Amino acid sequence: MAILLLIITGGVAWCYRSAFIAGTIKFATAESGTITHERKVQATFANQELLVISPLSGNVEYLGEDGQRVRRGDPIAAVQSVQSQTIAAAMSGLFIHKSDGLEPIITSENLLTMDLTKLLSQSANVKVSGDTVQTGDALGKIVNNLVPTVAFLEMPTVDGLIVGKTLRLKIGEQTLTAKIMRKSEEPRGVVAQFSNYVDGTAEQRRQEVTWIYRSPTSGVLIPKSALWTKGEELGVFLWSEGVVQFKKVKVLDENEDKACIEDLPNGIPVVITPRDGLEGLVPNPKKI
């Protein structure tokens with residue numbers, strides 16, 4: 001009788017423990033997605049730029065839209081004083097109605113050959129011409145948009161970056177490649193040349209861009225907390241056929257939070273609180 005009572009008591013305790021453990025299991029749903037490898041970096045851009053200087057003081061009138069492409073010799077502005085003088089474009093390009101004072105300093109040639117610390121320490125003094133100007137004031141600049149843009153990119157490390165190789169960058173809505181032309185330890189980063197002019201870099205010389213330092217991987221993603229090592233096998237606990245089952249998996253890629261898993265069904269619940277002893281348990285359906 002005592003033995004039977006012990007067996008019954010043990011069975012009840014085991015069932016209670018199993019039910020308790022099953023009730024504490026937490027799940028997440030495996031979902032299709034993409035693992036990206038990106039980092040925000042600061043960029044300083046250089047283009048072939050020519051300042052447009054007012055030859056006299058007076059009221060200024062622009063003869064075209066800001067950012068409009070002009071040809072050499074096209075009238076681009078008129079300054080009215082005692083006399084009126086029309087200013088013609090000295091070269092072809094985009095006529096932009098503002099300048100930052102860095103046009104003759106931050107150039108493609110200087111980024112490739114000169115002291116980067118001194119160049120990048122120069123302060124911008126952005127000027128947008130108003131209704132009146134003084135002799136010698138900048139009315140804006142012409143940017144040759146047929147010449148490739150060059151940039152200095154501040155990098156967390158230059159290890160593994162090789163002169164002659166390319167980088168992938170996202171600038172605004174554009175995803176572009178740039179060829180590394182120069183490496184620098186101080187300031188830490190690289191000078192890279194794009195294959196063409198990059199829209200928006202003449203208006204905003206310094207801006208944050210996204211460096212894609214590794215190709216993305218698409219597939220079925222799960223939280224990294226779901227991964228569990230059982231013996232020497234890496235796997236996950238799945239809810240399958242009403243019970244928790246362990247499945248060996250292969251991780252294709254991962255970041256800080258997610259792992260991309262090979263041959264895992266999209267939409268299947270996975271345990272995000274894994275531990276030994278979960279196999280065969282029947283979890284609470286409301287928590288799945």
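Since this is a predicted model, take the numbers as computed values, not measurements. Numbers here are sequence positions counted from 1.
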Heavy-atom count check: over 12 atoms from other residues, nucleotides or ligands less than 6.0 Å from [X] [atom1]?
{"X": "Lys250", "atom1": "NZ", "result": "no"}
{"X": "Glu208", "atom1": "CD", "result": "yes"}
{"X": "Arg168", "atom1": "CZ", "result": "no"}
{"X": "Lys179", "atom1": "NZ", "result": "no"}

Find out whether [X] and [Y] are in side-chain contact, i.e. whether some heavy atom of one side chain is under 4.5 Å from a heavy atom of the other.
{"X": "Leu227", "Y": "Val236", "value": "yes"}
{"X": "Ile171", "Y": "Phe194", "value": "yes"}
{"X": "Arg205", "Y": "Thr44", "value": "yes"}
{"X": "Leu116", "Y": "Phe152", "value": "yes"}
{"X": "Met181", "Y": "Val150", "value": "no"}
{"X": "Ser92", "Y": "Arg69", "value": "yes"}
{"X": "Val270", "Y": "Lys247", "value": "no"}
{"X": "Val82", "Y": "Leu56", "value": "no"}

N/O donor-acceptor pair under 3.5 Å between [X] side chain and [Y] backbone:
{"X": "Asn255", "Y": "Ile35", "answer": "no"}
{"X": "Glu103", "Y": "Gly101", "answer": "yes"}
{"X": "Thr157", "Y": "Asp159", "answer": "yes"}
{"X": "Tyr62", "Y": "Leu139", "answer": "yes"}
{"X": "Thr86", "Y": "Ala78", "answer": "no"}
{"X": "Lys170", "Y": "Glu38", "answer": "no"}
{"X": "Asp66", "Y": "His97", "answer": "yes"}
{"X": "Thr273", "Y": "Ile25", "answer": "no"}
{"X": "Gln245", "Y": "Ser240", "answer": "yes"}
{"X": "Asp100", "Y": "Leu102", "answer": "yes"}

Verify the cluster assignment for [X] and [Y]: are they in a single hydrophobic cluster under the rule of side-chain heavy atoms below 4.5 Å apart?
{"X": "Ile261", "Y": "Leu221", "result": "no"}
{"X": "Leu112", "Y": "Ile106", "result": "yes"}
{"X": "Leu169", "Y": "Tyr213", "result": "yes"}
{"X": "Met91", "Y": "Val70", "result": "yes"}
{"X": "Val190", "Y": "Val163", "result": "yes"}

Among Thr36, Thr34, Asp253, side chain to side chain donor-acceptor pair (under 3.5 Å) partner for Ser218: Thr34

Could you give me the CA-CA distance, side-chain angles and deciding distance for Leu63 and Ile76, then say whether side-chain contact (heavy atoms from CB on, under 4.5 Å) is met? CA-CA 5 Å; Leu63 304 179; Ile76 55 177; 5.7 Å; no

Closest heavy-atom pair and its distance - [X], [Y]:
{"X": "Gly280", "Y": "Val243", "result": "O-CG1, 4.0 Å"}
{"X": "Gln134", "Y": "Ser54", "result": "O-CB, 3.9 Å"}
{"X": "Pro104", "Y": "Asn110", "result": "O-ND2, 3.9 Å"}
{"X": "Pro148", "Y": "Ser108", "result": "O-OG, 4.4 Å"}
{"X": "Leu119", "Y": "Leu111", "result": "CD1-N, 4.0 Å"}
{"X": "Ile87", "Y": "Val79", "result": "CD1-CG2, 4.0 Å"}

Go through the steps for Asp276 and Trp228 under the test side-chain contact (heavy atoms from CB on, under 4.5 Å), then give the verdict. CA-CA 9 Å; Asp276 290 329; Trp228 183 255; 3.4 Å; yes

Stepwise side-chain contact (heavy atoms from CB on, under 4.5 Å) check, Val41 with Val209: CA-CA 6 Å; Val41 298; Val209 303; 3.6 Å; yes

How about Thr210 and Lys40: does a side-chain donor come under 3.5 Å of a side-chain acceptor? yes

Residues passing the side chain to side chain contact (heavy atoms under 4.5 Å, CB included) test with Ala30, sequence neighbours excluded, are Val220, Ile222, Leu264, Ile268

Separation between CE (Met155) and CZ (Arg39), nearest 0.5 Å, reads 9.0 Å

To the nearest 0.5 Å, how far apart are NZ in Lys26 and CD1 in Ile272? 7.0 Å

Given the rule in the side-chain contact (heavy atoms from CB on, under 4.5 Å) test, do Glu154 and Leu120 qualify, once you have shown the distances and angles that lead to the verdict? CA-CA 11 Å; Glu154 299 176 27; Leu120 299 171; 5.7 Å; no

